[in-house]
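Here the structure is laid out as structure tokens; the discussion comes afterwards.
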Amino acid sequence: MSTVNIANNPVVIYTDGACKGNPGPGGWGVLLRSADGTEKEMFGGERATTNNRMEMTAVIEALAALKRPCTVELYLDSQYVLKGVTEWLAGWKSRGWKTASKQPVKNVDLWQQLDQLVSGAGHTIDWRWVRGHTGDPGNERADALANKGVEQTLRQR
């Protein structure tokens, strides 16, 4: 796992996931920008996954790349991840990772990783939803990186 050396300055992060078929081969992309203008791009993918898993993986990889606690503006176009983190997570945890209808939480492995990064790494995160594919430069770059992750995954044998 790569890390990014970002001081306690504010960090802006754009994340996105992509999937060719759902399920199917997928990719994730991250654009990190520090206050001094330094940018870092990251991407990756999996051969058999879902769009939601790739959206979550992008956020996990982005937060895991931060070496120390940061003030983060995190832009994402996934309502699933946004609502999961800001609305559903506390209830899932209190019910032993079950939904309100007592079903197991889907993608619980990733939700638990994300929960650890959000609550245990000391970051202050401002979650910001952006509509995908509407010309937002950061979101468009994260989308391109996610698609690059799909392409790289498809080339690997």
Side-chain angles (χ1 to χ4, degrees), residues 1-20 22 24-47 49-90 92-93 106-156:
M1 172 170 48
S2 67
T3 58
V4 178
N5 186 10
I6 297 176
N8 288 326
N9 294 324
V11 178
V12 175
I13 300 174
Y14 285 87
T15 65
D16 201 14
C19 213
K20 304 304 177 195
N22 199 18
W28 56 269
V30 174
L31 173 64
L32 296 106
R33 285 191 188 129
S34 64
D36 68 4
T38 304
E39 288 191 356
K40 171 85 174 174
E41 295 179 341
M42 304 178 342
F43 62 90
E46 296 178 19
R47 291 191 72 67
T49 190
T50 65
N51 190 62
N52 283 340
R53 288 187 68 82
M54 291 295 91
E55 294 282 359
M56 293 176 70
T57 299
V59 176
I60 289 166
E61 293 288 343
L63 295 176
L66 303 175
K67 281 189 168 181
R68 59 190 71 138
C70 295
T71 302
V72 179
E73 281 181 30
L74 199 150
Y75 292 86
L76 67 169
D77 62 10
S78 170
Q79 286 286 338
Y80 173 70
V81 177
L82 179 66
K83 287 184 178 184
V85 168
T86 62
E87 297 176 25
W88 306 330
L89 193 62
W92 290 338
K93 286 172 61 175
K106 290 181 182 174
N107 304 312
V108 68
D109 58 327
L110 296 180
W111 284 117
Q112 289 171 340
Q113 285 181 53
L114 188 52
D115 179 43
Q116 175 101 24
L117 288 164
V118 169
S119 63
H123 304 304
T124 302
I125 304 171
D126 183 6
W127 298 91
R128 298 191 179 188
W129 183 76
V130 60
R131 184 175 302 279
H133 311 289
T134 57
D136 180 286
N139 178 258
E140 295 293 337
R141 187 66 197 138
D143 179 66
L145 291 165
N147 282 295
K148 200 171 177 180
V150 175
E151 293 164 15
Q152 175 185 318
T153 299
L154 289 173
R155 284 193 305 268
Q156 294 171 346

Query - salt bridge (Lys or Arg N to Asp or Glu O under 4.0 Å) involving Glu39 - partner list, sequence neighbours excluded - result: Arg33
Query raised in the report: Mind checking whether Val85 and Trp111 have side chains closer than 4.5 Å, heavy atoms only?
Result: yes
Requested in this report: Please name all residues satisfying side-chain hydrogen bond (donor to acceptor under 3.5 Å, both in side chains) with Asn22, sequence neighbours left out, ordered by chain then number.
Outcome: none
Report task. Mind checking the CD-CE spacing from Gln113 to Met56? Nearest 0.5 Å is all I need. Result -> 8.5 Å
Report summary line: Heavy atoms of Phe43 and Leu145 approach each other most closely as CB-O, 3.2 Å
Query raised in the report: Between Asp109 and Arg53, is any pair of side-chain heavy atoms under 4.5 Å apart?
Result: yes
**Report entry** Residue pair Pro69 / Gly122: nearest heavy atoms and the distance that separates them
**Finding:** CB-O, 3.2 Å
Query - Set of residues satisfying side-chain hydrogen bond (donor to acceptor under 3.5 Å, both in side chains) with respect to Gln116, sequence neighbours excluded - result: none
Report task. Could you pull out all residues at least two apart from Lys83 that satisfy side-chain hydrogen bond (donor to acceptor under 3.5 Å, both in side chains)? Result -> none
Query - Trp88 versus Tyr80, closest heavy-atom pair with distance - result: CZ3-O, 3.8 Å
Report task. Could you grab the distance from atom OG1 of Thr71 to atom CG of Leu66, nearest 0.5 Å is fine? Result -> 10.5 Å
Query raised in the report: Is the closest side-chain heavy-atom distance between Lys40 and Val30 below 4.5 Å?
Result: no
Query - Listed partners of Glu46 passing salt bridge (Lys or Arg N to Asp or Glu O under 4.0 Å), at least two apart - result: none
Query raised in the report: Heavy atoms, side chains only, cut-off 4.5 Å: are Val81 and Leu114 in contact?
Result: yes
Query - By side-chain hydrogen bond (donor to acceptor under 3.5 Å, both in side chains) - contacts of Asp77 (at least two apart) - result: Asn139
Requested in this report: With sequence neighbours left out, write down each residue that passes side-chain contact (heavy atoms from CB on, under 4.5 Å) with Leu117, or none if nothing qualifies.
Outcome: Ile60, Leu63, Ala64
Report task. Could you tell me which residues satisfy ring-ring contact (aromatic ring centres under 6.0 Å, His included) with Tyr14, sequence neighbours excluded, listed by chain and number? Result -> Tyr75
Query raised in the report: Can you tell me how far the SG atom of Cys70 sits from the CD1 atom of Ile13, to the nearest 0.5 Å?
Result: 7.5 Å
Report task. Among residues two or more places apart or on two chains, list those pairs meeting salt bridge (charged side-chain N to carboxylate O under 4.0 Å, His left out) that have a residue in residues 136-147. Result -> Glu41-Arg141
**Report entry** For Thr15, the option from Leu74, Thr57, Leu31 that meets side-chain contact (heavy atoms from CB on, under 4.5 Å)
**Finding:** Leu74
Requested in this report: Applying salt bridge (Lys or Arg N to Asp or Glu O under 4.0 Å), name anything that partners Glu151, two or more places apart in sequence or on another chain.
Outcome: none
Query raised in the report: Which residues pass the salt bridge (Lys or Arg N to Asp or Glu O under 4.0 Å) test with Asp115, sequence neighbours left out?
Result: Lys93
**Report entry** Where Ala58 and Asp16 come nearest, the two heavy atoms and their spacing
**Finding:** CB-O, 3.4 Å
Report task. Working to the nearest 0.5 Å, report the span between OG1 of Thr50 and CD of Glu55. Result -> 9.5 Å
Requested in this report: Calculate, to the nearest 0.5 Å, the distance between atoms CG and CG belonging to Leu110 and Asn52 respectively.
Outcome: 10.0 Å
Query - Trp127: partners by ring-ring contact (aromatic ring centres under 6.0 Å, His included), with sequence neighbours left out - result: none
Report summary line: Taken to the nearest 0.5 Å, the spacing of Gln79 CD from Thr86 OG1 works out to 8.5 Å
